[in-house]
Structure formats: C-alpha cells, structure tokens
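Take a look at the structure set out below.
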Protein chains: 2
Amino acid sequence: MAEPSTRTVERALVLLGAVCDAGSLTLADAARETDLSASTALRLLRTLEGTGFVRRDALGTYRPGLRVVQLGAQALGHESLVSLAEPALERLVERTGESSYLSVPSHDGEGVYLAMREGTHSVRHASWVGRSIPLEGTAVGAVLTGGHQGDGFVVVRNGVETDVTAIAAPVSPGGRVVAALSVVVPSYRITEAEARRIGALVAREAAALLMEPDTGTVPLTEDLTGEPV
Amino acid sequence: MAEPSTRTVERALVLLGAVCDAGSLTLADAARETDLSASTALRLLRTLEGTGFVRRDALGTYRPGLRVVQLGAQALGHESLVSLAEPALERLVERTGESSYLSVPSHDGEGVYLAMREGTHSVRHASWVGRSIPLEGTAVGAVLTGGHQGDGFVVVRNGVETDVTAIAAPVSPGGRVVAALSVVVPSYRITEAEARRIGALVAREAAALLMEPDTGTVPLTEDLTGEPV
DNA sequence: GCGTGTATTTCACTGATTGAAACGTCCTTT
DNA sequence: AAAGGACGTTTCAATCAGTGAAATACACGC
C-alpha cells in the first residue's frame, strides 16, 4: 500500500525531466541538479541515450531525444488529450454554464473541435466534435496560430459566427501551442467585463491542463453562470 | 566501453513505450508485450504512474500520462530545426499542394517525422509528427543515410508505401546530413517530369534552410546533429 | 608549471530489484 | 452451483544489478 517504487527508475526519470527542462545539460550539471553522483548520472544518462530518450550533441552535452518527441506526439494523437481535457471542460461548463470546447489545428488553416461539453443554459451555443472551424477571425484561431496576447486569452465578439462571443486560451506546454480551450457565449448575455473574467478562467484551466493534478487545481468560488441560485 | 546500461531503467522505458504505442494497455498485456513478470511490470508501471509518465483510467488500464506530453512539447520546442523548417514546409505545400515533411534520423536506425504540413488536395498523404519510417527503401532514408545523389534529391516511386511517390532532399550543413525535407505525392497524379521539378524545389528549400535570409551563409552556431558516429 | 573542473572507468559492497508463489476477485464455462 | 481461467495484487527470500568513492585521463585558465 505504501509506494513500492523503484529508486533507479525514479532517478532516471528525474534526470530525463531535468534534461528536457533545460533543453541542454552537461553531465556535471545534470548530476548536481538531481543530487546524484557523477558516475550514477552518467550510467543512467547512458541508458537513456541508448533508448533514444536523450542524445548527446557534438560537444558532449545531453539534449532531449527523439523518443521523447515521438511518445509525446503519440500521446497527443490518441484520445489522451481529450481525456485530459474532459475534466477542465466539465469545470468550465459548471462555472460558466456555457458550451466549452477543446480544439486543435488540423490543416488548410482550419481547426477541429476535439471535445466539447454543452452549456447548461437553454439558449446556448451548439456544435459537435469533428466540426472544423476557420482559424481566421476566430478566437480559437488567434490562439492556435500563436499570436501571443497580453492576458493569455483572446475574446472575439461576433466574429465568424455572428451573435456569439468566443473566448479562447492556449494549451502550450514548453511554448508550443498544441490545443485551445474555449468557451462560446451568446453575445447578448455577456459584457466585456464578464468576458474578461471568463477569459482568465479559461486561461487558467488551459495552463493547468498539463500540470500536476495537485498544483493544477484552480479553486474558484465565483459563480459566473448568471443563473438564479 | 561496452554498455553499462541499467536493466531496470531499460525495462521501464520499454514499458513506457509499449503503453504509448498502444495508447491504452492493461497490466497483463503490458507484461506480455515486454516479457516481464506481472509483478515486475506492476512495480515499474507504478513508479511510472507516480511520476506522471503513465496514468490509470477508471477501468485500471494504463495510458500515457501528462508528463509525456509535457516533455514531448518541451523537446519539440528545443528542436531548432522545426521552427526553421516550418516556413519551408509552408512554401512547399503552397507550391505543390502536397503533404510535406521534415525528418531526422533516430537512434534505432529509422527516421522520424519531426514536422509536417498537410497538403491541400482532398486526396493526400497523411501522417503525423513522431511517426517513424524505415530508412531502407524510402526516399527519406536514401537521403539520410547519405548516399549522395546526382541532382541533390531522391525520388522513390511506390517504395515502402505503395501508391505514393516520395521526393526528398538533404539538409546538410557542412556536408553532414542532419535532416531531410520531403514531399509525398499519390503516384497516380505525378509524372516523372513533375517529380523532378518538385525535386528541384525541395532541394532548393533544403539547401536554403540553414542559411541566413540575406547573406546566404550558414551561421552554424548550434549543433544540429542528432547522432554520434 | 599548477589548479580546477569535467568525463570516464574500475571495483568491492550491499540493498534495491526480482520473480515465483499465494491470494482475492471477477469473469465465462460446464 | 461448481469449476476453471484470467487478472491484479501482495509477500518474501535470494541474488544480482545498481551504487558511489576513488582513481584516471583530459581540457582549460591563470
């Protein structure tokens, strides 16, 4: 019941994390960073290297390997992203009462809804998983194409779809935007101020999506549904 | 000199790879797949779970964890070739309408797609970042393994993937091939002459990839080589 | 020259890792 | 209902794989 976790593997994984965090790490630095003796760090890094999880450049410093990229991309491809995002969508709907979406870039300058949760208001935005959306003139598009904005979210009022206001924020681990979280609201019932509040909420959920469950939870007492209590 | 690699870590990494490959794997399947005893597999998967590299869903099956996505994105972000190649891929798609790829050699004698841009034709080649491809019998492989060719590009018609023609050119600063740029076309709509025309285009983009826009010189500060030897 | 920092190898020690076995549970089969 | 099988889990003694201090070799700066 305790935690029969293997020390060796844990150390190797910490080491891998250190290399990926730093982007480039010398053996001595890696050993220092992880509180390992140089010989141990070397041995572990060698097996990471042999399996493609790290690689050495010409100068001998360690860098993230292709296996990491490969597995990361695979993980994103499968429904992993969707299942990771589902709780966040759930919370967004709960907090705002509005329809919430997870989208990724597809091709031809379009995006696709990968997952959604319908809002609870009887008048709500409705769409479906698999629906493609243009990246031009939409909040999701602005986020996915990476034009970074001040507050970490984008609000587009009456853009491609008239009558609705879209609020989107990027899921961007390590600086690369891989997906967007968004909330779509009928414009008539939302003010600028409320849009910004929801924006902050979406941005926080998006940022927390790929963080540890512990540090990632966002306690929020505020009620943004506008529904009678 | 031999290979003082740690068995435990290797096993754990193989296990991680198996889970990511399958997308979803039960303990027994994982143990079978990796030739481990159930108890060992369980222990290793538990430490992978504790570090966020895998997670268990409601039914108890193992899935890729968010740490994998995190590190993958970070690793991609540190891959300078990707951002350098993206405009070139964009132009290739724009000029040819066909899916275009950037690939690099991986540790196990294969290649990996590091970046891609889907074509605009409705019938197009489709793949994904992180996909591995054999080096034998492919245009990308011929380029990456360095067999130097006359025109600076390689055309392989109906090779490993039947029905498609692949056209690849090397990115080789200082003579050393570090990556390949390629365009993949459904064979039925391309003639020899057109393939050569696209080949010249790909070769030009590949050659220009590491050059300063204005000076036409290769800055070469950073190390782009993935593999020792 | 000397000193400092690094990467690497060696090796004796030991405790972390291992896998068979046993157990409980949930199925399907008879 | 009973029997069979598959799976997840726990336990535990044996041992072997991982450990880290120390020695070696190399590169650099002063």
Side-chain angles (χ1 to χ4, degrees), chain A residues 1-65 83, chain B residues 1-65 107 221-223 225-229:
Chain A
M1 193 80 179
E3 274 220 15
S5 70
T6 64
R7 187 174 64 150
T8 316
V9 175
E10 256 180 5
R11 287 174 162 184
L13 294 178
V14 171
L15 222 27
L16 176 60
V19 171
C20 288
D21 276 340
S24 163
L25 211 53
T26 163
L27 169 63
D29 285 337
R32 249 188 303 276
E33 192 112 357
T34 55
D35 285 318
L36 291 177
S37 69
S39 52
T40 301
L42 177 64
R43 200 171 344 103
L44 294 179
L45 281 171
R46 280 221 178 116
T47 93
L48 287 173
E49 186 188 0
T51 48
F53 281 80
V54 305
R55 62 174 198 260
R56 308 193 78 170
D57 60 17
L59 301 83
T61 68
Y62 291 92
R63 294 165 169 263
S83 52
Chain B
M1 177 81 188
E3 278 204 20
S5 71
T6 64
R7 186 177 64 155
T8 315
V9 175
E10 253 178 8
R11 287 175 162 182
L13 294 177
V14 171
L15 222 25
L16 176 61
V19 171
C20 288
D21 276 340
S24 160
L25 213 51
T26 166
L27 170 62
D29 284 338
R32 246 188 307 276
E33 191 111 1
T34 56
D35 284 317
L36 292 177
S37 69
S39 52
T40 301
L42 177 65
R43 200 170 344 103
L44 294 179
L45 281 171
R46 280 222 178 113
T47 93
L48 286 173
E49 186 187 1
T51 48
F53 280 80
V54 306
R55 59 188 218 277
R56 308 194 77 167
D57 62 14
L59 299 83
T61 68
Y62 291 92
R63 293 167 166 270
H107 66 107
T221 55
E222 205 167 345
D223 172 76
T225 75
E227 288 298 294
V229 177

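Labels below follow one simple rule: chain letters A, B, ... track the order of the sequence lines, proteins then strands, and each chain is numbered from 1. Being a predicted model, the structure only gives us computed values, none of them experimental.
At C:dA16, none of the side-chain N or O atoms of A:R11 fall inside 4.0 Å of OP1 or OP2 (strictly under the cut-off). Not one side-chain nitrogen or oxygen of A:R43 sits closer than 4.0 Å to the OP1 or OP2 atom of D:dG18. OP1 or OP2 of C:dT6 lies within a sub-4.0 Å distance of a side-chain N or O belonging to A:R32.
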Side chain to side chain contact (heavy atoms under 4.5 Å, CB included) evaluation trace for A:T26 with A:L59: CA-CA 9 Å; A:T26 163; A:L59 301 83; over 6 Å; no
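Of all nucleotides listed (D:dG8, C:dA7, D:dG18), D:dG18 comes nearest to the side chain of B:T8. Out of D:dG18, D:dT9, C:dA7, the shortest distance to the side chain of B:R7 is found at D:dG18. With D:dG18, D:dC7, C:dT8 as the choices, the nucleotide that has an atom nearest any side-chain atom of A:L42 turns out to be C:dT8.
Between the CD atom of A:E10 and the P atom of D:dG18 there is a distance of 15 Å, given to the nearest Å. The CD-C1' distance, from B:E49 to D:dG8, rounds to 13 Å in whole Å. Note: CD (B:E33) to C1' (D:dC7) measures 17 Å, nearest angstrom. If you take CZ of B:R46 and P of C:dA16, they are 18 Å apart, rounded to a whole angstrom. Rounded to an integer number of Å, the gap from A:R56 CZ to C:dA7 P is 7 Å. If you take CG of A:L27 and P of D:dA27, they are 17 Å apart, rounded to a whole angstrom. Rounded to a whole Å, the CG atom of B:L44 is 12 Å from the C1' atom of C:dA16. The separation between B:D29 atom CG and D:dG8 atom P is 8 Å, rounded to whole Å.
Residue-to-nucleotide contacts include a donor-acceptor pair under 3.5 Å from the side chain of B:S39 to the base of C:dG19. For B:S37 and C:dA20, a side-chain-to-base donor-acceptor distance below 3.5 Å is absent, hydrogens and geometry of angles not being considered.
Across B:L15, B:L36, B:L25, B:T40, a single residue satisfies side-chain contact (heavy atoms from CB on, under 4.5 Å) together with B:L45, and that is B:L15. Test A:L16, A:L44, A:T6 against A:R11 for side-chain contact (heavy atoms from CB on, under 4.5 Å) and you get one pass: A:L44.
Of the possible donor and acceptor atoms, none in the side chain of B:R55 sits under 3.5 Å from a partner among the backbone N and O of B:E49.
Taken to the nearest 0.5 Å, the CZ atom of A:R56 stands 12.5 Å off from the CZ atom of A:R63.
Toward the 5' end of DNA chain C, the nearer of the two residues B:T40 and A:Y62, judged by each one's closest nucleotide, is A:Y62. Residue-to-nucleotide proximity on DNA chain C shows that, of A:A28 and A:V9, the 5′-proximal contact is made by A:A28.
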